[in-house]
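Below you'll find the structure, written out as structure tokens, and then a few comments.
Just so you know, these numbers come straight off a predicted model, no measurement behind them. Only heavy atoms go into these numbers, but all of them, side chains included; no hydrogens, no water, no symmetry mates.
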Amino acid sequence: MPEPVEAAMDAQRQAPEEDRPAGTGTRRSEDREAEVFRQAVLRQVEALTADNQRLLQSVVRSERRFRTLAKSVWHVQEEERRRLARELHDGIGQTLTALANQLQRILDDARGAGNLGLEHRLADALELTRGSLHDTRELSRLLRPTLLDDLGLDAALNWLARTLTERTGLQIELRSGLDEQRLHPDVETLVFRITQEALTNVIRHAQARSAQIVLERRGDTLILRVEDDGCGCDVQLLADAERAGASGGLRGMRDRAELFGGRVELKSVPGDGTVVQLTLALDPPDRTG
């Protein structure tokens with residue numbers, strides 16, 4: 001800057017306010033007010049940022065507590081299912097078995113005595129008892145299949161597919177890439193329950209002739225697909241029903257998957273079948289098998 005200009009500026013800075021050009025003091029006052037206002041805004045922004053950060057941390061903690069609580073409820077439900085299944089099998093099941101054996105002995109005696117009327121009534125009672133025993137055992141397995149705990153996910157899904165095929169006529173095929181590898185018990189239970197719910201929906205709503213259970217691993221990710229060749233559905237209408245709380249089955253599958261960091265997606269076109277897909281990241285113990 002040229003020396004005359006610097007000298008003039010220094011003289012202006014050193015001169016009394018009454019000797020400075022008009023408007024200089026006003027501008028400085030406005031600048032100070034603007035700086036005060038800017039600092040006040042910055043303090044408010046910093047305070048809001050801190051509040052938002054505390055709120056976010058509170059939300060994260062609340063979500064963690066909710067997930068922990070929801071998982072605890074889920075575990076309690078599964079334990080209750082296991083207890084009821086055991087009581088059905090060991091309690092009512094054994095009682096019906098004993099009753100069937102007793103009826104068989106009485107029926108043999110009636111046949112030996114040549115009492116055809118009594119024989120027919122006893123045969124009917126025996127058939128009814130055996131049917132009740134079969135239904136009780138199936139209900140016990142559906143509540144909590146012992147295969148899931150003893151032999152793992154592949155064995156339990158094979159049993160589920162076979163049982164539902166026999167009961168409903170829907171042809172269900174299992175294609176698994178796990179090769180009977182065991183996963184974490186919670187993961188096996190989650191996959192089994194979502195498969196069970198998805199197949200129940202197929203049987204109730206899809207009007208399908210066949211369905212497939214496809215289970216595969218892609219690196220650290222487990223993918224389950226339940227596919228059918230049924231009537232399909234309008235995904236948007238189903239999403240609207242889900243938001244309105246009128247689609248409990250799909251919402252329940254999503255909620256269970258989200259507890260473990262997974263997601264459930266529905267893919268469908270009216271008249272062209274439906275695919276329910278679960279995508280789940282495996283924890284380190286499950287990655288190595």
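- Heavy atoms only, all atoms of each residue included: L147 and W159 are closest at CD1-CB, 3.5 Å.
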What do the steps show when you test D109 against R105 for salt bridge (Lys or Arg N to Asp or Glu O under 4.0 Å), and what is the final call? CA-CA 6 Å; D109 292 342; R105 286 192 292 270; over 6 Å; no
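- The backbone N or O of Q277 lies less than 3.5 Å from no partner atom in the side chain of E265, so there is not a single donor-acceptor pair.
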Does the pair T97 and R137 meet the rule for a side chain to side chain contact (heavy atoms under 4.5 Å, CB included), with working shown? CA-CA 11 Å; T97 299; R137 287 173 173 169; 3.4 Å; yes
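- Of all heavy-atom pairs spanning G232 and S268, the tightest one is CA-OG, 3.3 Å.
- To the nearest 0.5 Å, atoms CG (N101) and CD1 (I106) are separated by 11.0 Å.
- Here the shortest heavy-atom pairing between Q196 and L142 reads NE2-O, 3.3 Å.
- Residues passing the side-chain hydrogen bond (donor to acceptor under 3.5 Å, both in side chains) test with D51, sequence neighbours excluded: R54.
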Side-chain atoms of residues 203-212: list all donor-acceptor pairs with protein atoms under 3.5 Å, sequence neighbours left out, distances to 0.1 Å.
residue : atom : partner : partner atom : Å
S210    : OG   : D229    : OD2          : 3.0
Q212    : OE1  : R175    : NH1          : 2.9
Q212    : NE2  : E173    : OE1          : 3.0

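- The shortest non-hydrogen separation linking T136 to G93 is CG2-N, 4.2 Å.
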Can R32 and E35 be said to form a salt bridge (Lys or Arg N to Asp or Glu O under 4.0 Å), step by step? CA-CA 5 Å; R32 284 195 297 271; E35 179 63 20; over 6 Å; no
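- With values rounded to the nearest 0.5 angstrom, E119 atom CD is found 10.5 Å from D124 atom CG.
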Test side chain to side chain contact (heavy atoms under 4.5 Å, CB included) applied to L160 and F192, step by step: CA-CA 9 Å; L160 180 65; F192 181 84; 4.1 Å; yes
Please lay out, stage by stage, how R144 and E79 fare under the test salt bridge (Lys or Arg N to Asp or Glu O under 4.0 Å). CA-CA 9 Å; R144 180 71 190 188; E79 284 301 316; over 6 Å; no
Under the side chain to side chain contact (heavy atoms under 4.5 Å, CB included) criterion, do T49 and V45 qualify, and how do the steps go? CA-CA 6 Å; T49 301; V45 169; 4.0 Å; yes
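- In this structure, the side chains of R130 and L103 stay at 4.5 Å or more apart for every pair of heavy atoms.
- Using a 4.5 Å cut-off between side-chain heavy atoms of Ile, Leu, Val, Met, Phe, Trp and Tyr, with links allowed through other members, F260 and I223 fall into different hydrophobic clusters.
- Proximity of D228 to L170: side-chain heavy atoms (C-beta onward) are nowhere separated by under 4.5 Å.
- Rounded to the nearest 0.5 Å, atoms CZ (R162) and CD1 (I172) are 11.5 Å apart.
- Both L250 and I213 belong to a common hydrophobic cluster when Ile, Leu, Val, Met, Phe, Trp and Tyr are linked at side-chain heavy-atom distances under 4.5 angstrom.
- Heavy atoms only, all atoms of each residue included: L96 and T129 are closest at O-CG2, 3.6 Å.
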Would L42 and Q39 count as a side chain to side chain contact (heavy atoms under 4.5 Å, CB included) if you check the C-alpha gap in whole Å, the side-chain angles of each, and the deciding distance to 0.1 Å? CA-CA 5 Å; L42 285 176; Q39 293 296 331; 4.3 Å; yes
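- Donor-acceptor pairing under 3.5 Å is lacking for the side chains of R86 and T146.
- The closest donor-acceptor contact from the side chain of S140 to the backbone of L88 lies at 3.5 Å or more, if one exists at all.
- If you take CG on L280 and CG on L190, they are separated by 6.0 Å, rounding to the nearest 0.5 Å.
- Screening V226, N201, L266, L278 against M253 for a side chain to side chain contact (heavy atoms under 4.5 Å, CB included) leaves a single residue, N201.
- Nearest heavy atom pair, residue L282 against residue L222, reads CD2-CB, 3.9 Å.
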